[in-house]
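Residue numbers begin at 1 in each chain, while the letters A, B, ... track the order of the sequences.
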Protein chains: 2
Amino acid sequence: MKLREGVEWAVHCCINLSWISPDRAVPAARLAAFHDLPTAYLNKQMNALGRVGIVASRSGPRGGFRLGREPERITLMDVATAIDGSAQAFLCTGIRHHGPAGTITGPAADRTTCTVAQAFSTAELAWRRQLADRSIAELADTVRRANPAAPDQVRRWFDRP
Amino acid sequence: MKLREGVEWAVHCCINLSWISPDRAVPAARLAAFHDLPTAYLNKQMNALGRVGIVASRSGPRGGFRLGREPERITLMDVATAIDGSAQAFLCTGIRHHGPAGTITGPAADRTTCTVAQAFSTAELAWRRQLADRSIAELADTVRRANPAAPDQVRRWFDRP
DNA sequence: GTCCAGATACTCGGATACCAGCTGTCCGAGTAACTCTGG
DNA sequence: CCAGAGTTACTCGGACAGCTGGTATCCGAGTATCTGGAC
C-alpha cells in the first residue's frame, strides 16, 4: 500500500498557501522552488487540487494558485483524495464466486457481503476518518506553535520576487 | 493508495485452510483451482506467507501448504504485511528541509518531527490497528455463521482428488 | 493628459515519453511415495 | 513375505518476461500587463 508522492507535496503547499494573503496568487514555479521540486510535475498536482476546488487557479501574469476556501475547511482526506484518487485500497474482485468456490457456496453467498472485503473496508474507513478530522489550518497551527516565526518567514520569502 | 491483489487471495486461502484438517497439506494448484486463480502466481503469494510463518510448506508428493499456526493467531495485518510489505503508505521525504524552505525554517525544524508525516502516520496506525484486531478465525466464523454448511462443503471439495 | 489597440510575457492545463514495480510465467531443486529385486 | 535401493512423479521456490500505472517533461491556449500612438 503506497500513497502517491504528490500527496506530501500538495499538503505542504496548502500549508504554505494558508500563510499567504488570499488576494495573492503564487505560481507553481515559485511553490516548487521553495521545496526544490520539479515545477511541471508539481503544477500537475496543483491542477488536481484545482479540479476539486481546494485551490483556485488563474493564468497569465500575476496568476498562480491560492486556496479555494478557508484552510479550516480543507482536510487531509480532501487533499489525499484529490491527488491519489478515491478508489478503495482493497478492491474485492469477488473470487469467492469464481471457480468451484462459487458453485459450492452457491446463491447463499450472493445475498451476503464478502466478509473479507467488509473487514478491510472497516479498516480503511478508520483511516479515512482520521484524515478527514485533520484540517490544513490545524496542521499549520501545529507548525506555527513549534516555530512561531515560520508563517512570517514563509510569507516574506514568497512576497519578494 | 492500493493494496496488492494477492492480499485478497491470501486471506481467502487462509480461511479455507483453517477449515481443513491441519495434518493435510493442500498444493497451490488445488488452492488456485478452487477460486480459478493463476496457479504459479498464487504459489508466489503463498511463498510470501510461508516466509513469515503464516503457513508451513512442504515439497514433494503429499506436499503443499497448511496453516503455520492457529487461525486465532493470524491477523489480517499479518497477511497484508506479508504480501504487500510493511512500508508506510505515506513516506516522508523531508521536503520541508529541501531548497529555501530548509534554510528558512532552519535547525528549529530539525528537532521536531514533521507535522504532516505525523498526521498521516496516526491515520495509518488506526488502519493497522483495525486489521490487527481481526483474525482469520474470526472471519472464518463470520462466514460460517452466514452459511453454516460452508466449512463442510469446502473441506469435502479439498478432500476428494 | 487620456484612452485604446496591439504586442508581450507569463502561467496554467493537458498531451506526451519514460521507468519502476506489480502481474504473470517457467523451470530447476528437493522430497516423499512407489516399484522392483534379492534374500 | 520382508527389506532396501533405485525410480518416479509431484510440489515448492526462485529466476525470468510483460505490462499497467505512477513519475517526469514539454508545448500550446489563455490572460493580464505593458507600450506606443492617436485624440
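- Distance CG (B/Leu42) to P (C/dC26): 16 Å, rounded to an integer number of Å.
- In this structure, A/Ala28 reaches the sugar-phosphate backbone alone: every heavy-atom distance under 4.0 Å involves primed, P, OP1 or OP2 atoms, never a base.
- Contact of the A/Asp78 side chain with the A/Thr75 side chain is registered, since non-hydrogen atoms from C-beta on lie closer than 4.5 Å.
- One atom, OH of A/Tyr41, and another, C1' of C/dA20, lie 12 Å apart when rounded to the nearest Å.
- Within 4.0 Å (heavy atoms only), B/Pro61 reaches at least one base atom of the nucleic acid.
- The phosphate of C/dC10 (OP1 or OP2) has no side-chain N or O of A/Ser59 nearer than 4.0 angstrom.
- The backbone N or O of A/Thr113 sits nowhere less than 3.5 Å from a side-chain atom of A/Gln118 that would complete a donor-acceptor pair.
- In this structure, A/Glu138 and A/Asp141 have side chains that are not in contact, with every pair of non-hydrogen atoms separated by 4.5 Å or more.
- Partner of B/Phe34 under the ring-ring contact (aromatic ring centres under 6.0 Å, His included) criterion, chosen from B/Phe158, B/Trp19, B/Trp9: B/Phe158.
- Counting only heavy atoms from C-beta on, A/Arg51 has its side chain closest to C/dG14 among C/dG14, C/dT31, C/dA15.
- For C/dC22, one of the phosphate oxygens OP1 or OP2 lies less than 4.0 angstrom from a side-chain nitrogen or oxygen of B/Arg4.
- Read 5' to 3', the first and last nucleotides of DNA chain D with an atom closer than 4.0 Å to a heavy atom of chain A are D/dG22 to D/dA32.
- Going from atom CG of A/Asn47 over to atom C1' of C/dG14 covers 8 Å, rounded to whole Å.
- Atom CD of B/Gln45 is separated from atom P of C/dG24 by 9 Å (rounded to the nearest Å).
- Between the side chains of B/Thr93 and A/Glu5, not a single donor N or O lies within less than 3.5 Å of an accepting N or O.
- In this structure, the CD atom of A/Glu5 is 14 Å from the P atom of C/dA20, given to the nearest Å.
- Cluster membership for A/Met77 and A/Val52, using ILVMFWY side-chain heavy atoms within less than 4.5 angstrom, is shared.
- Counting non-hydrogen atoms of other residues, nucleotides and ligands closer than 6.0 Å to CZ of B/Arg155 gives a total above 12.
- One can place NZ of A/Lys44 at 9 Å from P of C/dA15, the figure rounded to the nearest angstrom.
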